[in-house]
Amino acid sequence: MKSRFFGDLPLTSLSGIGSILEKKFADLGIKTVSDLLFHFPIRYENRAAIHAIADLTIGEQTTIAGQIIKSDIVTTKRRPMLICHIQDDSGIAVLKFLNFNQGMRSTFSVGKEVTAYGEVKAGQRHFEMLHPQIQLKSLQAKSEAEDPQFTPIYGTTFGLTQHTIRKTVDAALLLLKHNPPVEILPPALTNQFWDVTTALFTIHHPPITLNIDELTEGKHPAIKRFIYEELLAYHLSMLTIKMDNQKQFATPLRANEQLIRPFLANLPFTPTAAQQRVVEDIFQDMAKSVPMMRLIQGDVGSGKTVVAALAALNAIENGKQVALMAPTEILAEQHFINFTNWLTPLGIDVDLLSGRLTAKNRAHCLEKLVEGKTSLLIGTHALFVDKVAFADLGLVIIDEQHRFGVNQRLSLWEKGEKDHLYPHQLIMTATPIPRTLAMTVYADLDLSIIDELPPGRTPITTVVLPNSRRDEIIDRVKQACQTGRQVYWVCTLVQESEAIDAKAAELLVEELRILLPSITIDLVHGKMRSEQKQSVMQRFKQGEISLLVATTVIEVGVDVPNASLMIIENAERLGLAQLHQLRGRVGRGTAVSHCVLMYQPPLSKVAMARMKVMRESSDGFVIAQKDLEIRGGGEILGTRQIGGANFKIVDLIRDQALISEVQKASYLLLQHHPQNAKSLIERWLPDREKYINA
Ligand code: ADP
Ligand code: MG
């Protein structure tokens, strides 16, 4: 087909790519020539500028050039090392190689001219480079003939060198040059962008004269074209998913209130107006023969669980089964306890598919499920492995969607298909996202918002204190526990590793047990076995533990209304979204709640601004908005992954100004250029394709 991009060719069609390299590239998700061309450098290095040896700075990555004046093999610690001295007009530097072969010995003979690129280290008498990248003069002469360029550095995997990637990219670019692709964007859009070929050449080989920051920050026209493409492809895939979804069928489920009425009568409170409104949206959707795909956004503590229960009851009343998926075992177990308390009095069979079931119990659980005896099955993503089969799944509920990607969600939805009937789908999230961003990330979903908290909540007072006031804070914890309150102490992000966090939390527990001997203290962290975690959470919920030290595993969903004080250590290292989620664990009962954000001075400007926001607001949507305003580097909402969206080059916050334009363009494409729309999705979201019926 003419319109097909030559880039669909498998990578093996490039010379030099055999089955070993093919596998390595596949590890990076690169299967076709096109995938490779769209594997953009993660950064660039300026290796073209040759520095005088006398002016080198230790620790810098630099290029030097000179003549070899000495070349020896020296054996240290029983390993031979090749040591070359090179000299330029200004001085002498030493190049060292631990792993060298015979070929290298003759290459590095005295008198040869070489260029070396590497990190400058201090040596005994001269600057040194260990394993620098080397170019001999003869090769260099050739490359000097071309315009000097930045050297691209690519994301890679074990066993695949930068050199190989560059060589392969160059082969692909050569192919591109001789087969310029048919333009994929419709004419109405192309005039504002660079053409693909020029843009790709620039991205893989930016000339040294180019302002490289513009390229890495998404401001240069070469990269802008692709940012636009990726955002457009994402919108297109979401819209296509939505349209496909609307072509599917589901069993209409109309509320008959047989179970809902007694459930509401037993509930110790009345749903808020916002909860009622959202439930109304859900019931209307479920009554249709098109599968529901609705997202409920509701701040922490807004009462999403009851809403989920009502949706589940609606399906169960109609004889259907329900799957409820939670992001963590703790949360799945908590849901299991809640739902068991609520639903078993109504004669409904609720089950938990947990990682800690014995093989026998697990088999029993699956058997009951496939026989249709279980009406509600709760679990983590383990719910959706192949062995889990339902008799008649009518509704899938996904809690805290920000932990799951779109593909994950779609694959489990597909699993529910039976005789061409799909289950209804309800998704809940407590991560508030400003409207413009939600338009992109959740473009495939209908949106309902719970914009009201249950009555009787007292606002949380937040204070920000430096570590140096730790003693006072411990006193406060003591007082709270002595008056019957419960306390969370969150020990966060000592390292980017749950194992190290867990260790820090264990040490903290030991310390606090010595300082607060009269208080029951326990610990929960992600490295504990699931049954241990559950038993600790259960005892905390029942009030047997007064002070719970935890890592961020408690971030999502945990509900203990009597807990009214939270200490967050190293609060300066957390983003606003996470701080807000954590703080939402307190202020759930009627007692006045407090949150202490403890920090290690000095506070950076951004951290200071965040602390201020936390002190001044408890409204998730306000906080999300502020988050966008003050964010520095993009560490907060997880820029590339908001709401499970996983972008290669788009940064939704940086690029949000494009969103409304892209939205319009995506309707235009779907209507008038469906083939181009398809090609764009293929180019940017090859994984998404399998969920889209063209
Ligand atoms: P989230 O939206 O964060 O998942 P939950 O569903 O865990 O919130 O609800 C938080 C707490 O509020 C729970 O203890 C729940 O029982 C209670 N709750 C929910 N709805 C109401 C209501 N309408 N009135 C009073 N309390 C409510
Ligand atoms: Mg919840």
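Quick caveat: nothing in here was measured; it's all calculated off a predicted structure.
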Does T168 reach the main-chain N or O of T164 with its side chain, forming a donor-acceptor pair under 3.5 Å? yes
Would you say the side chain of P206 lies within less than 4.5 Å of the side chain of I212, judging by non-hydrogen atoms? yes
Strictly distance-based, threshold 3.5 Å: is any side-chain N or O of Q276 a donor or acceptor partner for the main-chain N or O of P271? yes
Side-chain (H335) to main-chain (T305) donor-acceptor, under 3.5 angstrom: no
Could you list the residues that satisfy side-chain hydrogen bond (donor to acceptor under 3.5 Å, both in side chains) with T440, not counting sequence neighbours? H235
Tell me every residue that passes salt bridge (charged side-chain N to carboxylate O under 4.0 Å, His left out) with E214, counting only those two or more places apart in sequence or in another chain. none
So, does D299 use its side chain to make a donor-acceptor pair with the main chain of G620 at under 3.5 Å? yes
Which of L37, L36, I30 passes side chain to side chain contact (heavy atoms under 4.5 Å, CB included) with V33? It is L37
Taking atom CD of E682 and atom OG of S237, what is their separation to the nearest 0.5 Å? 12.5 Å
With a 4.0 Å cut-off, would you call K648 and E230 a salt bridge? no
From CA spacing to verdict: side-chain hydrogen bond (donor to acceptor under 3.5 Å, both in side chains), R683, S34: CA-CA 7 Å; R683 180 178 283 177; S34 167; 5.0 Å; no
Hey, does L680 have a side-chain heavy atom less than 4.5 Å from the side chain of L232? yes
Which residues pass the side-chain contact (heavy atoms from CB on, under 4.5 Å) test with A308, sequence neighbours left out? F339, I397, M428
Report the residues that fulfil salt bridge (charged side-chain N to carboxylate O under 4.0 Å, His left out) with K612, sequence neighbours left out, ordered by chain and then residue number. E616
Taking ring pair (Phe, Tyr, Trp, His ring centres under 6.0 Å) as the test, write out the residues that go with H220, two or more places apart. W194
Can you check whether L597's main-chain N or O pairs, donor with acceptor, with R583's side chain at less than 3.5 Å? no
Please enumerate all residues that pass side-chain contact (heavy atoms from CB on, under 4.5 Å) together with K320, with sequence neighbours excluded. T251, L253, A315, D392
Tell me whether D170 is salt-bridged to K167, with the criterion being a basic N under 4.0 Å from an acidic carboxylate O. no
Would you find a donor on one side and an acceptor on the other, under 3.5 Å apart, between the side chain of Q248 and the backbone of H420? no
T216 side chain near I223 side chain, heavy-atom distance below 4.5 Å: no
The reported gap from CG in L421 to CG in L393 (rounded to nearest 0.5 angstrom) is 11.5 Å
Are the side chains of M325 and V396 in contact, using a 4.5 Å heavy-atom criterion? no
List the residues meeting salt bridge (charged side-chain N to carboxylate O under 4.0 Å, His left out) with K31, not counting sequence neighbours, and say none if there are none. none
Got a sec, which residues hit ring pair (Phe, Tyr, Trp, His ring centres under 6.0 Å) with F226, two or more places apart in sequence or on another chain? F38, F40
Residue pairs passing the salt bridge (charged side-chain N to carboxylate O under 4.0 Å, His left out) test where at least one lies in residues 188-199, sequence neighbours excluded: none
Residues in side-chain contact (heavy atoms from CB on, under 4.5 Å) with A332, at least two apart? A326, L352, I378, T380
Taking the side chain as every heavy atom from C-beta outward, state whether L215 and R43 have any pair of such atoms under 4.5 Å apart. no
Any donor and acceptor pair, going by atom type alone, linking the side chain of K304 with main-chain N or O of I296 inside 3.5 Å? no
Look only at the side chain of N676 and the backbone of I184, and say whether a donor-acceptor pair between them is shorter than 3.5 Å. yes
Could you tell me whether a side-chain N or O of Q275 sits under 3.5 Å from a main-chain N or O of T272, the two making a donor and an acceptor? yes
Test side-chain contact (heavy atoms from CB on, under 4.5 Å) applied to N46 - qualifying residues, sequence neighbours left out: A48, A49, F150, I208
Only pairs at least two apart or in different chains count here, so list each salt bridge (charged side-chain N to carboxylate O under 4.0 Å, His left out) that has a residue in residues 182-192. E183-R225
Beyond-backbone contact of L174 with H178, side-chain heavy atoms, under 4.5 angstrom: yes
Donor-acceptor check, side chain of D651 to backbone of R654, threshold 3.5 angstrom: yes or no? yes
